[in-house]
Number of protein chains: 2
Amino acid sequence: MVRKPTSRETARKPNMREAILAAAEELFATNGFNAVSVRDIAQAAGANPGSVTYHFKTKDGLLLEIYRRHCGPMNLRRSELLAAAKRVRDLQDRLEAIVRAYVVPAFTSGSDLAGGGARFTRLRAVMSAEGNEVARKIIAQTFDDTSHAFIDAIHESLPHIPRTDIVWRSHFLLGALYYSLVTPDRVSRLSRGEADGSDAAGAIEQLVQATVAAFQAPALDQAAPARRRPVASSKT
Amino acid sequence: MVRKPTSRETARKPNMREAILAAAEELFATNGFNAVSVRDIAQAAGANPGSVTYHFKTKDGLLLEIYRRHCGPMNLRRSELLAAAKRVRDLQDRLEAIVRAYVVPAFTSGSDLAGGGARFTRLRAVMSAEGNEVARKIIAQTFDDTSHAFIDAIHESLPHIPRTDIVWRSHFLLGALYYSLVTPDRVSRLSRGEADGSDAAGAIEQLVQATVAAFQAPALDQAAPARRRPVASSKT
DNA sequence: ATGTGATTTGTACTATCGTACAAAAGATCA
DNA sequence: TGATCTTTTGTACGATAGTACAAATCACAT
């Protein structure tokens, strides 16, 4: 015998723990946290409800473990792509590369998790909408650093735009990103079948193209007061 | 006697029915549908749990009534503003006016509902994220017409952009709009206090400015193949 | 004042929730 | 093989969910 991992890695069935995690991820991402019961998850994973308690103690613990599983690889990937993007010479190209470095890992697999990128991002979107406490804590801890790094990088390639505007626009980017993963069918519907909202590559290209243009818009301070507001309020 | 409305409109307390609706709206919009119990709503409204059943029969019925209450006024307001926007001569100004006509009613009061616009839009965002069935049906029925009208109007002022791109970009707009209402605190945090995410007027200006630029971006077909992708995938 | 219909209250029922825990089953190695 | 540890199963418990319903209360026309 060469070496046996302390019998920790080997489960009777092909890793029931992973099956539960995957099922929970899928169900939480599509239905929200409170709409999914532990029994739903167990059934979807082909496991016993008690098995969920054994592996993750509580339902919150299960959600926490999902975040732990993805956050590391995703942020690592983003850092790598961001570092590469910052080395791009041409300013216009660099901005696009930075935006792409932010968007791509959210749509595609984090690392060895198969196709889990989009699913996890959608999960984050739903948890954010529900104001989930567990998610809120993790996000503030884990993602704010990454967000700041991207904002700074974008600001460097657009020095004439105030940082405040960049924050707003990157916020819009994240919102658009989230919404694209939450309701891809709406794109298919509104385009009358001409576009496929579920096509990750297409969504990425559209999102990158639109976002780069949004970042390059003139700053608000200098643009807003110079123009009259074209639409008057109907009442006030 | 002139005429008395069959004593249907008069409630003992200052309209308990409205209080329940308002409380439910607020709670649903901040915590999601399933996280809020009928008892929570009743308590927040200062009512008895049974009173909710009396007025709205079921919890779904309550949500349905919230939508019914807002959809009409909001779409009407949007139609008015859109009609006015379409009369703007200058193409650039017209585009901005159209975007504003789409955004403003989502942030401000629908009609006589005090400040309910933002709350209701946030509710829609959360229901959309949770994949709520009741909401999904209403939205497809009520909002798709409006969305098509706006997409057509934008397309008219940007004839060189394919309709598919406009659909995607309007989808991003809605996502950004939703997200701004869902987590305004994130903007405040990331801007280190320089921007206030809860300031509706500021959010509107930022969103309009960024979105107009996004719509004006070159079409994807002609732009994407002409440029090399600046970032290579780190693995593939 | 009184009767009538609209509303509110209080309570109860059943279903399902998250979680706990003991027993069974499987794996590992002396 | 038998001892030991890990994992799975089955079941149960208290809490809370949505909803139903009878009794109490109110507003108001007569």
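Letters A, B, ... mirror the listed sequences (proteins, then strands); counts begin at 1.
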Taking OP1 and OP2 of [N], is either one under 4.0 Å from a side-chain nitrogen or oxygen of [X]?
{"X": "N48(B)", "N": "dG10(C)", "answer": "yes"}
{"X": "H55(A)", "N": "dT8(D)", "answer": "yes"}
{"X": "Y54(A)", "N": "dT7(D)", "answer": "yes"}

Worksheet item: Between R124(A) and Y178(A), is NZ or CZ placed under 6.0 angstrom from the six-membered ring centre and within 45° of the ring axis?
Response: no
Worksheet entry | Stacked cation flag K59(A) on F28(A), 6.0 angstrom / 45 deg | no
For the pair made of [atom1] in [X] and [atom2] in [N], what is the distance, rounded to whole Å?
{"X": "F56(A)", "N": "dA20(C)", "atom1": "CZ", "atom2": "P", "value": "15 Å"}
{"X": "Q43(A)", "N": "dG10(D)", "atom1": "CD", "atom2": "P", "value": "13 Å"}
{"X": "I20(A)", "N": "dT7(D)", "atom1": "CD1", "atom2": "P", "value": "11 Å"}
{"X": "M16(B)", "N": "dA6(C)", "atom1": "CE", "atom2": "P", "value": "19 Å"}
{"X": "L62(A)", "N": "dT19(C)", "atom1": "CG", "atom2": "P", "value": "10 Å"}

Would you call [X]-[Y] a salt bridge at under 4.0 Å N-O?
{"X": "E133(A)", "Y": "R136(A)", "answer": "yes"}
{"X": "E65(A)", "Y": "K57(A)", "answer": "no"}
{"X": "R186(B)", "Y": "D144(A)", "answer": "no"}
{"X": "R122(B)", "Y": "E26(B)", "answer": "no"}

Considering only nitrogen or oxygen atoms on both sides, find all protein atoms under 3.5 Å from nucleotides 15-19 of chain D and state each distance.
{"unit_1": "dG18(D)", "atom_1": "OP1", "unit_2": "K59(B)", "atom_2": "NZ", "d": "2.7"}
{"unit_1": "dG18(D)", "atom_1": "OP2", "unit_2": "V38(B)", "atom_2": "N", "d": "2.8"}
{"unit_1": "dG18(D)", "atom_1": "N7", "unit_2": "R39(B)", "atom_2": "NH1", "d": "2.8"}
{"unit_1": "dG18(D)", "atom_1": "O6", "unit_2": "R39(B)", "atom_2": "NH2", "d": "2.8"}
{"unit_1": "dT19(D)", "atom_1": "OP2", "unit_2": "K59(B)", "atom_2": "N", "d": "2.7"}

